[in-house]
Amino acid sequence: MIWNETKECMSRDEILNMQSARLKKTVSRVYHNVEFYRKKMQQLGLEPGDIKGIEDLNKLPFTTKEDLRDNYPFGLFAVPQSEVIRVHASSGTTGKATVVGYTRRDIEIWQECVTRVLAMAGIGANDRIQVAYGYGLFTGGLGLHYGAENLGATVIPMSTGNTQRLITMMEDFEVTAIACTPSYLLHIAETLEEVGKTDSIKLKAAICGAEPWTDNMRKEIETKLNLKAYDIYGLSEILGPGVAADCDAHCGLHVYEDHFVPEIINPDTLAPCKDGEVGELVFTTITKEALPLFRYRTKDLTSITYEPCECGRTLARISRFKGRSDDMLIIRGVNVFPSQVEAALLEMGETSPHYILIVDRVNNLDVLEIQVEVEERFFSDEIRKLEGLTKKIAHVLQSALGLSVKVTLVEPKTIARSEGKAKRVIDKRKLI
Amino acid sequence: MLIKQLSVFIENKEGRLEGVTQVLKEHNINIASFSLADTAEYGMLRMIVSDPDEGRRVLKEEGFSTKLTDVIAVKIPQKPGTLHEVLKILFEAGLSVEYMYTLATAGRDTSIIMKASDLTKALDVLKQHEYEVCTAKEAYEINNISTNNV
Ligand SMILES: [Zn+2]
């Protein structure tokens with residue numbers, strides 16, 4: 001069903017008018033409350049009054065993840081701390097977290113967006129939903145949790161980690177919906193097959209996101225579990241899960257344009273892309289109070305269309321993601337930058353900084369392997385000591401990345417050195 | 001007397017072991033003895049060669065991770081129970097053996113390469129029990145000696 005028809009089915013003119021009004025208000029508020037943006041605007045010779053409507057959006061400066069980091073932790077917040085009722089955080093390239101904040105109104109908007117996503121997937125008050133995203137600083141767990149509660153569904157806050165218990169409750173509680181990463185859902189499907197319980201579960205819908213997946217993976221999930229799977233997109237800087245999601249038509253993800261204005265730009269020239277052309281997705285928040293962002297560069301590559309959808313919604317649709325414009329990897333929902341690995345290895349000081357990351361999907365779970373060259377100065381001819389080194393590297397990386405890593409020692413100079421940018425990553429997951 | 005053992009880290013990949021033997025052959029370095037320990041992902045080639053320093057230099061040039069480790073070579077008479085006796089002597093002296101392998105079985109003696117936790121102490125106790133050890137020169141050229149003897 002369409003949860004909020006007045007907002008999800010507006011005419012293009014209505015959307016643009018609403019965006020114009022909201023953008024003007026946001027710009028004025030941000031200018032007066034966030035020094036970072038005030039300075040940036042002043043450098044551009046821009047005053048709040050110069051932004052007369054959504055057509056002036058491209059006059060505003062871009063924002064990057066580095067800007068968030070440079071203003072760690074609360075430098076970009078536009079409200080006093082007394083109005084911030086929650087923060088979330090995600091790991092960044094240098095180990096310093098990206099911190100985001102929410103006012104009560106922000107949380108309400110977030111849950112409204114997630115509620116729309118769940119309703120779009122046919123979930124309602126009579127459903128029992130297991131939220132199997134991580135709860136905590138990661139936005140996945142609590143984001144889906146509040147949205148599902150707002151919808152009136154019965155929420156089972158599973159979080160991650162115990163597949164056996166999840167399956168037991170899925171069966172005992174007659175769970176009808178689940179929210180988790182697509183790879184984890186496939187893992188659940190296979191575990192169900194192994195124990196011969198596929199037929200005894202009552203799932204009808206799955207909301208999957210937090211990592212890239214393909215349409216083929218969706219079909220595989222749907223066949224294996226006899227349910228309908230939907231793609232949910234989001235990023236904590238803008239909101240968390242619920243910025244966009246796909247409908248039954250599976251023809252792109254509807255963006256909640258009454259809160260977030262999307263743009264697609266050429267990541268090199270920063271020029272706008274035509275509709276349908278692949279470029280970097282950029283978002284401007286127009287209702288966020290605690291952390292409003294202008295033209296935030298997501299680094300996600302996609303294309304956009306403003307054609308109304310067969311489902312009746314008029315919201316713009318972004319296509320499935322075509323990759324990233326930086327080297328970030330998303331592994332089991334965790335953001336991994338090769339530079340994090342490098343920093344951790346150098347800090348440890350017991351191995352060479354020559355490494356390669358190999359990401360693969362084994363039994364539908366992402367696995368990360370790192371091959372590290374055994375430099376002569378760290379080489380011992382006692383296997384016991386080499387195994388000790390392997391374990392130590394695995395431990396250091398696990399705490400740096402928040403992800404278990406298989407470490408393989410390789411001979412020196414076996415990892416290709418290329419001119420310019422070193423090839424640090426082999427992604428075997430074949431997602432595109 | 002301590003002997004220099006040449007150790008090489010080898011990935012479990014086709015042709016890597018051959019790569020090592022090729023380099024040594026090209027530089028006319030003889031392998032007197034070796035042991036290859038393997039794990040799931042890599043192997044450890046430990047060798048007694050005719051010229052360990054030169055062997056290391058040429059392997060290093062070819063990009064191998066190498067190491068020279070001190071070991072000892074104990075001569076053990078070829079009769080039942082002698083290996084057991086040697087290990088017992090070391091164990092009773094509070095020493096442990098990291099690894100060992102056969103250097104040569106020439107004549108009536110077998111020479112065993114040993115990496116004990118404390119090599120000086122190992123040499124002492126073996127001497128006390130009248131065990132003979134190879135000199136470095138003897139070990140590096142043991143194949144030649146055996147050829148001569150046969
Ligand atoms: Zn639609």
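Chain A is the first sequence line, chain B the second, and so forth, proteins listed ahead of strands; every chain is numbered from 1.
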If one checks every heavy atom of K385(A) against chain B at 4.5 Å, the contacting part turns out to be neither
E61(B) CD: over 12 foreign heavy atoms closer than 6.0 Å: yes
Is atom NE2 of H395(A) surrounded by more than 12 heavy atoms (other residues, nucleotides or ligands) closer than 6.0 Å? no
Is K13(B) salt-bridged to E411(A), going by a charged N under 4.0 Å from an acidic O? no
Nearest heavy-atom pair of E11(B) and L409(A): which atoms, and what distance? CG-O, 4.2 Å
Residue E98(B) versus chain A: region with a heavy atom under 4.5 Å: side chain
Nearest atoms (heavy-atom pairs only) where F9(B) meets V374(A): CZ-CG2, 3.5 Å
Counting heavy atoms not belonging to E14(B), are there more than 12 under 6.0 Å from its CD? no
Given heavy-atom pairs under 4.5 angstrom as the criterion, report whether the side chain, backbone, both or neither of T39(B) touches chain A. side chain
Considering all heavy atoms, the nearest L386(A)-M44(B) contact: CD1-CE, 3.3 Å
Can T390(A) and E41(B) be said to form a side-chain contact (heavy atoms from CB on, under 4.5 Å), step by step? CA-CA 11 Å; T390(A) 312; E41(B) 277 111 25; over 6 Å; no
Report, one line per pair, each donor and acceptor closer than 3.5 Å where one atom sits in a side chain of residues 185-196 of chain A; sequence neighbours left out.
| from | atom 1 | to | atom 2 | distance (Å) |
| --- | --- | --- | --- | --- |
| E190(A) | OE1 | N364(A) | ND2 | 3.3 |
| E190(A) | OE2 | K224(A) | NZ | 3.2 |
| E190(A) | OE2 | N364(A) | ND2 | 2.7 |
| T191(A) | OG1 | H187(A) | O | 2.7 |

Any chance CZ of F34(B) has more than 12 other-residue heavy atoms, nucleotides or ligands included, within less than 6.0 Å? no
Tell me, side chain or backbone of Y99(B) under 4.5 Å from chain A's heavy atoms, or both, or neither? side chain
Under 4.5 Å from any heavy atom of chain A - which part of L45(B): neither
E382(A) with R46(B): basic N within carboxylate O range, under 4.0 Å: no
If you tally heavy-atom pairs under 4.5 Å between each of Q5(B), K115(B), R56(B) and chain A, the highest tally belongs to R56(B)
